[in-house]
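Order of the sequence lines fixes the chain letters, A, B, ..., with proteins taken first and strands second; residue numbering starts at 1 for each chain.
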Amino acid sequence: MPELPEVETIASGVHQRVHGQRIVRVWTSGKPQTFKTPEDEIATALTGARILSVRRVGKTIVMTVARGKTSVELLIHLGMTGRLLVSAPEVPRAVHTHAVLTLDDGREIRFVDPRRFGRLSLQPQNEFYAGPGHEPLTISLDEFVALFHPRHTAIKAALLNQSLLHGIGNIYADESLFRAAIRPTRQAARLTRAELARLRTALVEVLRHAIELGGSSVSDYVDADGARGFFQLEHRVYQRTGQPCLVCGTPIQKITLAGRSTHFCPVCQK
DNA sequence: AGGTTGACCTGGACGC
DNA sequence: TGCGTCCAGGTCAACC
């Protein structure tokens, strides 16, 4: 579901609203697959703890809490449909609410996830390892080229591979390839350095712009306050199948690649 | 080993 | 209105 810009928007929004607060009560839904760490362990570790920070690493939200001398990190992955909301207690709980952290001042952090692809787990502080991938907003061009040059799969599939780059999902893969004028089916290893440079620039621009606009609201994505983002208005190919390309007017095509729907302009993207 | 495919879930859109 | 089918932003296990 949410990709880097959406997770970034949610994590920074939740951080601003709750850091420094103490968790006084923890409720969980009893849906075992949502919890990679047993629910009672999560409840025990968080109850009475103070929230130090909430941040994003890749597509994971990392909440660091401290109780006494020990700190732990609650890892929240939103999957496809997960939401993390900060709500007043009188606001009715949404269906498919799986965890509620009640704060000192009565507000609640709620994890809601209809499709249950999201996951909550606990780690001792600083043991969280996001995997071997790089953050796309800070990777250098040399690193970027070294990452993709050995890959013999389609560039779109490589962009979705979280062990290469963190945080790219279906929307931003399609949108960055369009802006870089590269066809998603091209083999990564056959892209020139100049093409990879265009792709890296396009990715950074798309991700930064999307973060500024609060992410893309396709179906049910909302931020910590329940507000929708606006980057979906900037989509040039994603979910525009059959509509005219905004550059050349050719109808946008949709194919299946790496098991995902993939949108591109057959004229602009070579 | 790298690459590819299907399974995991629920709900909304669409067609008949 | 009601039912069936298809599709969805992610990940991971199991295969080739």
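- The NE2-C1' distance, from A:H235 to C:dA8, rounds to 14 Å in whole Å.
- Nucleotide B:dG2 holds its C1' atom 12 Å from the CD atom of A:Q187, rounded to whole Å.
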Acceptor/donor pairs from residues 93-103 of chain A side chains to any protein atom, 3.5 angstrom cut, sequence neighbours excluded:
from, atom 1, to, atom 2, distance (Å)
A:T97, OG1, A:A94, O, 2.6
A:H98, ND1, A:S29, OG, 3.1
A:H98, NE2, A:H96, O, 3.4
A:H98, NE2, A:D113, O, 3.1

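- Looking at heavy-atom distances under 4.0 Å, A:G259 makes no contact with the nucleic acid at all.
- Residue A:K254 is classed as a sugar-phosphate contact, given heavy-atom separations below 4.0 Å to backbone atoms only.
- With sequence neighbours left out, A:R208 forms a salt bridge (charged side-chain N to carboxylate O under 4.0 Å, His left out) with no residue at all.
- Contacts classified as salt bridge (Lys or Arg N to Asp or Glu O under 4.0 Å) and involving residues 15-24 of chain A (residues at least two apart or in different chains) are given here: A:R17-A:D225.
- The shortest side-chain heavy-atom distance between A:R55 and A:V57 falls under the 4.5 Å cut-off.
- Checked against salt bridge (charged side-chain N to carboxylate O under 4.0 Å, His left out), A:R240 has no partners two or more places apart in sequence or in another chain.
- For A:T153 and B:dG2, the shortest distance from a side-chain N or O to OP1 or OP2 is not below 4.0 Å.
- Here the nucleotide nearest the side chain of A:E3, chosen from B:dG3, B:dT10, C:dG10, is C:dG10.
- Within 4.0 Å of A:S261, counting heavy atoms only, lie sugar-phosphate atoms of the nucleic acid but no base atom.
- Listed by first residue number, the stems of DNA chain B with at least three Watson-Crick or G-U pairs below 3.5 Å are B:2-8 with C:10-16, B:10-16 with C:2-8.
- Look at CD1 on A:I10: it is 14 Å from C1' on C:dG10, rounded to the nearest Å.
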Using nucleotides 11-15 of chain B, report all nitrogen or oxygen pairs with the protein that are shorter than 3.5 Å.
from, atom 1, to, atom 2, distance (Å)
B:dG11, OP1, A:H96, NE2, 2.5

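- Rounded to whole Å, atom C1' of B:dT4 lies 13 Å from atom CZ of A:R151.
- For A:R198, there are no salt bridge (charged side-chain N to carboxylate O under 4.0 Å, His left out) partners, not counting sequence neighbours.
- Rounded to an integer number of Å, the gap from CD1 of A:I61 to C1' of C:dG10 is 14 Å.
- Within the structure, salt bridge (Lys or Arg N to Asp or Glu O under 4.0 Å) pairs that include any residue of residues 156-181 of chain A comprise A:K156-A:D174, A:E175-A:R179 (at least two apart or interchain).
- Aromatic ring orientation, A:F231 versus A:Y172: tilted (interplanar angle from 30° to 60°).
- You'll find the side chain of A:I109 reaches within 4.5 Å of the side chain of A:V18, heavy atoms only.
- Pairs passing the side chain to side chain donor-acceptor pair (under 3.5 Å) check and including a residue from residues 38-47 of chain A, sequence neighbours excluded, read A:T28-A:E39.
- In terms of the side chain to side chain contact (heavy atoms under 4.5 Å, CB included) criterion, residue partners of A:T192 (sequence neighbours excluded) are, by chain and number, A:A194, A:E195.
- A:N170 has its CG atom 14 Å from the P atom of C:dC7, to the nearest Å.
- For A:F117 and B:dT10, the CZ to C1' distance is 8 Å, given to the nearest whole Å.
- At whole-Å resolution of the value, CD1 in A:I171 and C1' in C:dA8 are 10 Å apart.
- Dashed line: the shortest gap from a side-chain N or O of A:Q33 to OP1 or OP2 of B:dC8 is not under 4.0 Å.
- Residues satisfying the salt bridge (charged side-chain N to carboxylate O under 4.0 Å, His left out) test with A:D105, not counting sequence neighbours, are A:R107.
- Judged by distance alone with a 3.5 Å cut-off, no donor-acceptor contact links the side chain of A:R116 to the base of B:dC9.
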Problem - Where protein sits on nucleotides 11-16 of chain C, one letter per nucleotide: B base, S sugar-phosphate only, - none, heavy atoms under 4.0 Å - result: B-----

